[in-house]
Structures are given as C-alpha cells and as structure tokens.
Amino acid sequence: GRGGPRPAAPPASAPLSHPPPRPAGDLDHDDRLDVVAADFAPAGSVSVLLNQLPGPWFDLGAGLAGSFGVPQLVGHGCCVAGQPASLTLTSAKPSSLAIIFLSFASTPAPFKGGTLVPFPYAFMLQLFTNGSASIPLAFNWPGVFPPTFSIYFQYAIADAGGPAGAALSNCVKAVQP
C-alpha cells in the first residue's frame, strides 16, 4: 500500500508489570472513593488519585412533601466492607412513625400519592423520627455484596400533611465499589 508497510498492531492483551489501579477506600473522608495505583517509575512508588470514582451514593429524587416539605435522605460512607456508613433522614415530621424501605432492584411503584423507588422491597424497618425531625442511622457496610451491586433506600413517614397521610423522602442508591 501507499506509504510503506504498516506497523504491527499491538497485542490484544499484554501482561502487566504492575497491578492495575484498585479502589483504596475513602482516604480523604469525603464519601467518594479514591484510587491507589502502582507507578512504572520510580520502581515501588504509588499514586493516590483522590475522588476518581463516582458515588457511591446517588440521589434519585422521588420525594413527596409532607408538613415540613420533602424529607431529605443522605447516605455517607464509602460502601466498602467493614467501613462505617450512615443514612440520615432530615426535614421529616418530628416524633412520627417512619419506615425505611431497602431493595436490591428498582421498579418504582405508586405509594400514598408518590413513588416508592425501592420496590419490590427486600427489607423494611419501622423507626420513629426524633424531636428534631430526623433519624440518624449508623452502621458498618456489610461484606456480602459483589462489586457494582446497587442498594436502594427510601423512607415513608406518617404525616397528615402529605397527600395520602404520608410523606416520602428522596430515594438514595448506594453502589458497592
């Protein structure tokens, strides 16, 4: 062909002389995963790349207003096995029944005039909001989920100010790195 012979194509796969980058966890404590990667030179050195992976918490919306507006649910932590994590509900009706729904899939369904995103739910837990209209829920992330596994969380709160006697928090999705 024109221009002389073509260079050989690189091999489809080549062995690595060092391990590929691996999530190291939340090294700077900002709820986003950081990556540690081995460098080629100088030998034995590593790079720490902060905030290189999305998530692991995603706000999916779908809240339904009650007496105090739309209750807000926020997830914290890096979703790595054994590491601390938390879910915090705020702006809910004080001293009221609240049910947190957890699902491993999302097929949103109508619920009390709004949308329940974690449906079908695998687990639900009845709690009560405190006098400050919130529920702090701390736990260690379980080590039973495979990489990229998603978990959906959403609260329903008994609230006469909601369209059908209930308010819904936004839904948050956590993704296991």
Side-chain angles (χ1 to χ4, degrees), residues 12-39 45-64 70-92 97-112 114-130 134-157 166-177:
S13 65
L16 295 173
S17 59
H18 69 287
R22 297 279 185 224
D26 186 12
L27 300 175
D28 58 353
H29 306 287
D30 67 352
D31 294 333
R32 295 188 61 202
L33 288 178
D34 306 314
V35 175
V36 174
D39 292 328
S45 65
V46 296
S47 292
V48 177
L49 307 169
L50 299 176
N51 306 322
Q52 296 300 305
L53 300 176
W57 297 94
F58 300 90
D59 183 345
L60 302 182
L64 179 65
V70 177
Q72 294 299 305
L73 181 59
V74 177
H76 296 282
C78 61
C79 302
V80 171
Q83 296 298 308
S86 67
L87 289 163
T88 304
L89 176 70
T90 59
S91 302
L97 175 66
I99 300 171
I100 187 166
F101 293 91
L102 176 149
S103 181
F104 304 122
S106 178
T107 307
F111 184 84
K112 300 285 188 178
T115 302
L116 185 64
V117 178
F119 187 84
Y121 59 88
F123 179 78
M124 63 180 231
L125 178 65
Q126 295 182 5
L127 302 167
F128 283 88
T129 59
N130 61 26
S134 66
I135 299 175
L137 189 59
F139 55 96
N140 284 337
W141 193 260
V144 297
F145 303 117
T148 71
F149 193 77
S150 295
I151 305 169
Y152 300 82
F153 303 91
Q154 188 175 18
Y155 273 98
I157 302 98
L168 291 172
S169 74
N170 57 303
C171 177
V172 294
K173 175 175 110 171
V175 179
Q176 167 85 27

Residue that, paired with Thr129, satisfies side-chain contact (heavy atoms from CB on, under 4.5 Å) out of Ile135, Leu97, Thr90: Ile135
Residue pairs passing the side-chain hydrogen bond (donor to acceptor under 3.5 Å, both in side chains) test where at least one lies in residues 168-177, sequence neighbours excluded: Asp59-Asn170, Trp141-Gln176
Any residue meeting side-chain contact (heavy atoms from CB on, under 4.5 Å) with Phe111, in chain and number order, not counting sequence neighbours: Phe101, Leu116, Ala156, Leu168
With sequence neighbours excluded, residues passing side-chain contact (heavy atoms from CB on, under 4.5 Å) with Ser106: Pro108, Val117, Tyr152
Side chain to side chain contact (heavy atoms under 4.5 Å, CB included) evaluation trace for Trp57 with Phe153: CA-CA 10 Å; Trp57 297 94; Phe153 303 91; 4.0 Å; yes
Between NE2 on residue His76 and CG on residue Leu87, distance to nearest 0.5 Å: 9.0 Å
Residue pair Pro56 / Gly77: nearest heavy atoms and the distance that separates them: CG-O, 3.5 Å
Ser91 side chain vs Val70 backbone, donor-acceptor pair below 3.5 Å: no
Partners passing side-chain contact (heavy atoms from CB on, under 4.5 Å) against Ala167 (at least two apart in sequence or in another chain): Pro71, Asp159
Residue among Leu127, Val172, Ile99 satisfying side-chain contact (heavy atoms from CB on, under 4.5 Å) with Tyr155: Leu127
Pairing residues for Ala166 by the side-chain contact (heavy atoms from CB on, under 4.5 Å) criterion, not counting sequence neighbours: Lys112
Partner residues of Thr115 under the side-chain hydrogen bond (donor to acceptor under 3.5 Å, both in side chains) criterion, sequence neighbours left out: none
Within-4.5 Å side-chain heavy-atom neighbours: Val175 and Phe149: no
Residue pair Pro177 / Cys78, side-chain heavy-atom distance below 4.5 Å: no
Heavy-atom closest pair, residues Cys171 and Pro118: SG-CD, 4.1 Å
Considering all heavy atoms, the nearest Ala92-Ile157 contact: CB-CG1, 4.2 Å
